[in-house]
Amino acid sequence: MRERPRRRATSARRSAVRRELACAAALPLLLGEAEAARAADYEVEARTEAQAYEVASPWGATLDRRRLTQTLGLAAHNLQGAYRPGEADYSVVVLVRLDADLGVNDQLSGAQAGGETTYATAVPGARYVPGLRPAPLDVVYGYVEGQNLAHGWLGFRLGRQYVTDMLGWWSFDGALVRVTTPFFVRAEVYGGFEQRGELPLSTSRYEAQGVWRGSHSDFGTNGDAPRLADYPSFQYAEPAPAFGVALESAGVSFLHGRLDYRHVYNQGTTITQQFPDPSGGYRAASGVRTSTEKIGYAADGTLGPYGDVRGGFAYDLYANTFSSVFGGLEGHLGRAVTLGADVDYFLPTFDGDSIWNWFTHDAVLTMTGRAAVRLTRELDVAATAGARQWRADGDPATFAAAECRAAASEGRTTGPDCLGTTFDPSTGAVRDVVRDAANRTASATTDGLANVAGRYRWPSGDVSLRGMVQAGERGRRVGGDLSGEKRLSGGRYSLGARTSLYDWDDPLRPDRSATSFGYVLGVGYRPMSSADLRIEWEHDMNRLVGQRFRVVALLNVWAGR
Amino acid sequence: MSGRGRQPLGRARGDDRVPSWLGVVACAAGAALSLLGPEAAAAGSDAGAGGSAVSSTWLPPGAASSPVPSAAIFPPQSFALRFDHRRHVKGLHLGCVSCHAAAKTSDSAAERVLPKAVDACDGCHGTDHRDLGAVKAGAAPLGACASCHEMKAGEVARVVAPPANLRFSHKKHFARNIGCGQCHGAVGELGLAGREQLPRMPGCLTCHELTGPAQGGAKGDCPTCHLVRSDGKLVQSFAAGTLVPSRWLRGAEHGPDWTERHRYVAADDSAFCGSCHKAQECTDCHDGRVRPRSIHPNDFLSMHPIAARQDSPRCTSCHQEQTFCADCHRRTGVARDVASGNRPAGRRFHPPPAEWTTAPRGPNHHAWEAMRNLNACVSCHTERDCATCHATKGVSGGQGVSPHPAGFAAVCGGALRKNPRPCLVCHVSGDRFLGTCR
């Protein structure tokens with residue numbers, strides 16, 4: 001008898017779970033159902049961003065950038081009805097963006113008019129930039145989401161979405177399922193296609209580095225169309241299947257860890273050799289191959305009132321190397337002071353199709369100490385100082401000499417630089433000398449770096465100061481910004497200003513060293529509670545470009561949020 | 001430390017009418033106190049980073065991590081009262097709910113659980129608060145208005161106690177036999193209790209550590225206690241302040257250098273960020289189309305080459321180099337593999353070939369730059385640029401200058417199996433080096 005109520009409760013729970021799952025399955029129908037629609041919360045947001053400025057090349061030519069970016073965001077939340085914490089809820093969100101540059105081609109006239117985007121001009125291809133689109137349209141994200149299904153066990157997302165983890169900030173089109181257990185563990189499985197540039201409604205932002213991809217739709221073989229021979233590095237954009245899994249802790253606030261694995265594949269045809277065969281053709285390969293395969297872990301722990309500790313790594317399973325490692329420790333001294341230390345290791349890795357994974361390159365190691373002081377509720381400052389170390393295989397000061405000695409000791413004949421890196425594939429001459437680790441030395445250069453940031457905030461405004469210095473063998477950059485904003489009439493109007501002074505020195509290109517002074521003036525107006533407008537004027541000056549101006553206008557209109 | 005006769009706590013802290021120059025003075029004082037040490041800082045003014053005049057043993061649980069209640073959650077209060085909890089609790093042996101009777105039944109943070117004078121006070125003090133417009137004093141001294149109330153110009157000063165910006169049910173907690181002190185500390189040891197006795201989130205989390213489907217009612221999800229918008233994100237903006245994480249919560253204090261540090265938290269637990277932030281807030285910078293000045297200061301166009309060489313900020317955090325960077329570099333003729341008309345003849349971006357490309361390899365040779373920061377090369381160059389020299393001789397079209405690192409032979413086999421494409425850029429399939437990897 002005592003079992004009966006429990007069974008009833010269990011049965012009720014099962015019914016509820018079944019209802020939720022049925023609801024998830026029938027979501028498209030729900031979306032169209034008027035009764036459910038009335039209960040949902042809707043949001044619409046339209047943002048218009050207009051910018052006008054110039055970009056100057058090192059040799060004086062300028063590009064007009066007259067950009068108009070229009071985003072439209074739509075969202076419907078709580079499709080299930082009223083929101084209740086912990087209970088199942090469903091939502092649909094989408095953000096669409098048009099990013100037009102009305103200045104593309106603007107610097108060209110006469111026979112070259114339109115030449116940046118049209119190959120067939122009077123001098124075909126003289127200005128052509130493959131893949132350059134004057135007004136691309138993309139879906140930034142768009143998905144259906146269900147949360148807290150099955151009493152909190154299940155969640156899902158379907159559509160274009162992000163995954164943010166130790167492996168990076170990444171976007172794909174597909175499905176993600178999340179299972180949250182009562183045992184402080186959550187699992188995530190997802191699969192679909194990586195968002196890649198030049199695929200419909202996509203940007204290249206989320207592709208791995210190192211491969212130039214785009215649409216070849218305007219390519220041809222005649223003289224009036226771009227040819228493969230002209231751009232062998234420009235690869236075909238193809239859908240890239242991807243999947244990933246993650247395991248993370250859930251529930252506790254003082255400790256969190258997340259383990260990630262992700263594998264992305266390239267497929268389709270790829271041009272390999274960059275120079276034509278004797279027959280004039282280009283070699284290509286095709287098939288499914290690894291684009292990226294990485295595993296990563298990150299964790300943080302709070303040491304009660306005393307501080308916190310964090311760390312993480314990303315290992316590139318394709319390149320067989322750690323691509324990122326970080327660790328940090330913070331201590332709370334009293335109520336206002338936080339002291340910390342961080343170390344960050346970064347080795348660039350690239351798409352599996354890229355040659356650069358296999359070029360000799362080394363990691364960047366950054367070590368910093370940090371102090372943050374919250375002096376009052378309104379005023380806080382933070383400062384960071386440390387060093388960044390750059391490494392290279394070999395010592396620029398002694399490199400050739402060491403190789404010469406090594407080559408001479410073996411009685412080998414090398415080139416005039418004694419590098420021994422030039423070899424005949426048929427014999428592999430002098431390969432042993434340069435590949436022998438004993439003949440290689442590592443060298444390191446170190447940059448000193450420091451940042452300081454402070455802000456003073458009050459209910460109707462704020463003032464911020466930011467300064468930085470980074471100096472070393474590879475150059476020096478030092479400068480700072482002072483900015484502030486004052487809101488008037490309860491935020492109906494706002495005034496903003498920013499001034500900056502920076503100086504940099506580039507030892508590799510001394511003619512490009514300069515000092516820059518700039519300022520920004522801005523004014524904002526909120527005509528109604530669901531719209532705001534902001535206009536900014538930027539004026540920068542340095543000896544390289546003289547005077548440079550930039551105008552930015554932002555209009556934001558929303559409803560329902 | 002009884003607190004008897006103290007000024008209401010939190011008044012100065014929440015008062016935005018304080019002249020701004022006082023902030024500068026407070027700042028200097030706070031800095032000096034901070035340098036003196038934690039205890040000195042802790043004893044500082046409440047207008048500062050958070051001071052307390054209540055013994056730490058009497059503060060609510062979690063006060064060690066979170067010394068001051070959140071101003072956004074608990075708006076400033078003004079208890080213009082003369083009241084001694086200790087006398088009532090220890091002297092008269094009254095329990096909390098003797099006066100705060102509503103705590104047993106209140107199901108919402110919007111409901112006041114402060115004592116109603118007509119129920120809690122009149123019986124002992126001989127006063128009559130039934131008509132608050134015409135309150136009758138009792139016999140002096142305990143029945144006099146000034147016995148309990150602070151007076152302003154002969155009038156009773158008002159008590160201001162705005163509701164907490166929370167979802168909270170006293171009733172549920174009371175029903176679970178959770179004592180008042182578990183959230184409010186040792187109020188019975190104090191005189192007038194103020195904001196300092198309001199709950200701290202670390203204290204809440206001693207119970208609320210359970211995840212979604214875990215049994216029990218004390219779930220740890222943010223909306224369990226915090227107000228949420230229609231999109232499920234936490235309400236962050238309140239009249240009294242903005243809700244932001246404190247430093248004890250995942251080390252996520254949103255200080256002035258938070259932009260540089262947020263990646264550590266986001267890499268570990270982006271769902272935590274998603275409690276408050278919409279994806280669009282990420283895309284505004286990470287896939288943005290308007291240069292965020294908090295990342296790239298004024299005139300960044302002019303200084304970005306040196307910034308890229310210094311990897312500060314890290315370009316690849318937001319940009320795909322072969323498209324975002326190189327598209328502009330192709331248009332301006334900075335890249336090598338560009339249309340003929342985009343680059344004036346004889347113009348060269350890098351140092352002269354004698355230093356940059358040809359042997360012998362001096363300190364300014366490109367090899368050192370490539371090894372130190374290969375990403376900087378990739379932002380302009382296509383692979384054909386590199387293959388010109390680094391591909392093998394013969395059909396591949398290069399000069400046979402191997403770019404591979406020491407130890408490459410040990411890993412090339414696995415790489416070749418997973419993706420032969422990069423090998424085939426520089427080697428022909430019958431190449432004996434490729435054969436070695438196979």
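Sequence lines set the chain letters: A, B, ... in the order given, protein chains first and strands last, and positions in each chain run from 1.
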So, do A:Arg509 and B:Pro305 sit near enough that their side-chain heavy atoms are less than 4.5 Å apart?
yes
Per-residue contact mode, A:Asp506 against chain B (heavy atom under 4.5 angstrom)
both
Exercise: identify the closest heavy-atom pair between A:Thr360 and B:Met371
O-CG, 3.3 Å
Let me know if A:Arg548 has heavy atoms under 4.5 Å from chain B in its side chain, its backbone, both or neither.
side chain
Proximity breakdown for A:Gln51 and chain B, heavy-atom pairs closer than 4.5 Å:
side chain
Once you round to the nearest 0.5 Å, how far does OG1 of A:Thr272 lie from NE2 of B:His427?
12.0 Å
So which part of A:Leu63 gets closer than 4.5 Å to some heavy atom of chain B, the side chain, the backbone, both or neither?
side chain
With chain B as the partner, which of A:Gly518, A:Ser516, A:Ala285 has the greatest number of non-hydrogen pairs under 4.5 Å?
A:Ser516
Contacting moiety of A:Val123, where chain B heavy atoms sit under 4.5 Å:
neither
Taking atom OG1 of A:Thr164 and atom CG of B:Asp268, what is their separation to the nearest 0.5 Å?
12.0 Å
Proximity breakdown for A:Arg67 and chain B, heavy-atom pairs closer than 4.5 Å
side chain
Which residues satisfy the side chain to side chain contact (heavy atoms under 4.5 Å, CB included) test with B:Ala267, sequence neighbours excluded?
A:Met166
Distance-only donor-acceptor check, side chains A:Arg477 and B:Gln310, under 3.5 Å
yes
I need the B:Phe408 CZ to A:Asn320 CG distance, nearest 0.5 Å.
11.5 Å
Between A:Glu293 and chain B, which part of the residue has a heavy atom less than 4.5 Å away: side chain, backbone, both or neither?
side chain
Report the option among A:Trp358, A:Tyr128, A:Tyr83, A:Trp458 that has the most heavy-atom pairs separated by less than 4.5 Å from atoms of chain B.
A:Trp358
Identify which part of A:Arg466 has an atom lying under 4.5 Å from any heavy atom of chain B, answering side chain, backbone, both or neither.
side chain
Looking just at side-chain N and O atoms, do B:Thr323 and A:Ser204 make a donor-acceptor pair shorter than 3.5 Å?
yes
Options B:Arg347, B:Glu260, B:Glu253, B:Arg229, ranked by heavy-atom pairs under 4.5 Å with chain A, top entry
B:Arg347
Sub-4.5 Å side-chain heavy-atom contact between A:Pro58 and B:Val334
yes
Less than 4.5 Å apart, any side-chain heavy atom of A:His361 and any of B:Asn373?
no
Sub-4.5 Å side-chain heavy-atom contact between B:Asp287 and A:Arg97:
yes
Below 30° counts as parallel, above 60° as perpendicular, anything between as tilted: where do the rings of A:Trp169 and B:His286 land?
tilted
In terms of heavy-atom pairs under 4.5 Å, which option from B:Ala387, B:Cys412, B:Gly255 contacts chain A the most?
B:Gly255
Do you see a donor-acceptor pair shorter than 3.5 Å between the side chains of A:Ser500 and B:Asn298?
yes
Go through the steps for B:Asn375 and A:Phe350 under the test side-chain contact (heavy atoms from CB on, under 4.5 Å), then give the verdict.
CA-CA 9 Å; B:Asn375 268 333; A:Phe350 303 89; 3.4 Å; yes
Which atoms of A:Ser483 are under 4.5 Å from chain B, going by heavy atoms: the side chain, the backbone, both sets, or neither?
neither
Partner residues of B:Cys423 under the disulfide bond (SG atoms under 2.5 Å apart) criterion, sequence neighbours left out
none
Go through the steps to decide whether B:Arg247 and A:Glu330 satisfy the test salt bridge (charged side-chain N to carboxylate O under 4.0 Å, His left out), and finish with yes or no.
CA-CA 10 Å; B:Arg247 65 180 180 178; A:Glu330 280 192 345; over 6 Å; no
Is there side-chain contact between B:Asn342 and A:Val129, with at least one heavy-atom pair below 4.5 Å?
yes
For a quick check under 3.5 Å, do A:Asn451 and B:Asp257 share a side-chain donor-acceptor pair by atom type?
no
Exercise: do A:Ser233 and B:Arg384 side chains pair donor with acceptor under 3.5 Å:
no
With only heavy atoms counted, which part of A:Trp504 is less than 4.5 Å from chain B, the side chain, the backbone, both or neither?
side chain
Contact between B:Lys278 and A:Glu43 at the side-chain level, heavy atoms closer than 4.5 Å - yes or no?
yes
Checking A:Asp300 against chain B: side chain, backbone, both or neither under 4.5 Å from a heavy atom?
both
Hey, does B:Gln280 have a side-chain heavy atom less than 4.5 Å from the side chain of A:Val140?
no
Ring of A:Trp390, cation from B:Arg309 - is the NZ or CZ under 6.0 Å from the centre and inside 45° of the axis?
no
Nearest 0.5 Å please: distance from the SG atom of B:Cys386 over to the CD1 atom of A:Ile355.
5.0 Å
So which residue, B:His350, B:Glu369, B:His319, ends up with the most heavy-atom pairs under 4.5 Å with chain A?
B:Glu369
Just one of A:Gln273, A:Arg283, A:Gln274 clears the side-chain contact (heavy atoms from CB on, under 4.5 Å) bar with B:Ser396, so which one?
A:Gln273
Under 4.5 Å from any heavy atom of chain B, what part of A:Thr445 do you find: side chain, backbone, both or neither?
side chain
Heavy-atom cut-off 4.5 Å, strictly under: side chain, backbone, both or neither for A:Phe359 against chain B?
both
When rounded to the nearest 0.5 angstrom, what is the spacing between OG in B:Ser270 and OH in A:Tyr162?
12.5 Å
Check the pair B:Thr388 / A:Phe275 against side-chain contact (heavy atoms from CB on, under 4.5 Å), numbers first and verdict last.
CA-CA 9 Å; B:Thr388 305; A:Phe275 302 97; 3.6 Å; yes
Under 6.0 Å from the ring centre and within 45 degrees of the ring axis: does the NZ or CZ of A:Arg205 meet both conditions for the six-membered ring of B:Phe324?
no
Are B:Glu209 and A:Ser253 linked by a side-chain donor-acceptor pair shorter than 3.5 Å?
yes
Chain B heavy atoms under 4.5 Å from A:Arg310: which part of the residue, side chain, backbone, both or neither?
side chain
Regarding A:Thr290 and B:Asn419, do their side chains bring together a donor and an acceptor under 3.5 Å, going by distance alone?
no
Close side-chain approach of A:Asp362 to B:Arg372, heavy-atom, < 4.5 Å
no
Whether B:Tyr264 and A:Phe326 hold their rings parallel, tilted or perpendicular, with breakpoints at 30° and 60°
tilted
Evaluate the salt bridge (charged side-chain N to carboxylate O under 4.0 Å, His left out) criterion for residues B:Arg331 and A:Glu116: first the C-alpha distance (whole Å), next the side-chain angles of each, then the deciding distance (0.1 Å), finally the verdict.
CA-CA 8 Å; B:Arg331 295 183 68 199; A:Glu116 286 192 307; 2.8 Å; yes
Tell me, with the steps shown, if A:Asp277 and B:Val395 meet side-chain contact (heavy atoms from CB on, under 4.5 Å).
CA-CA 6 Å; A:Asp277 280 341; B:Val395 176; 3.4 Å; yes
Report the C-alpha distance between A:Tyr502 and B:Asp299 in whole Å, list the side-chain angles of each, state the deciding distance to 0.1 Å, and finish with yes or no for side-chain contact (heavy atoms from CB on, under 4.5 Å).
CA-CA 9 Å; A:Tyr502 280 87; B:Asp299 207 13; over 6 Å; no
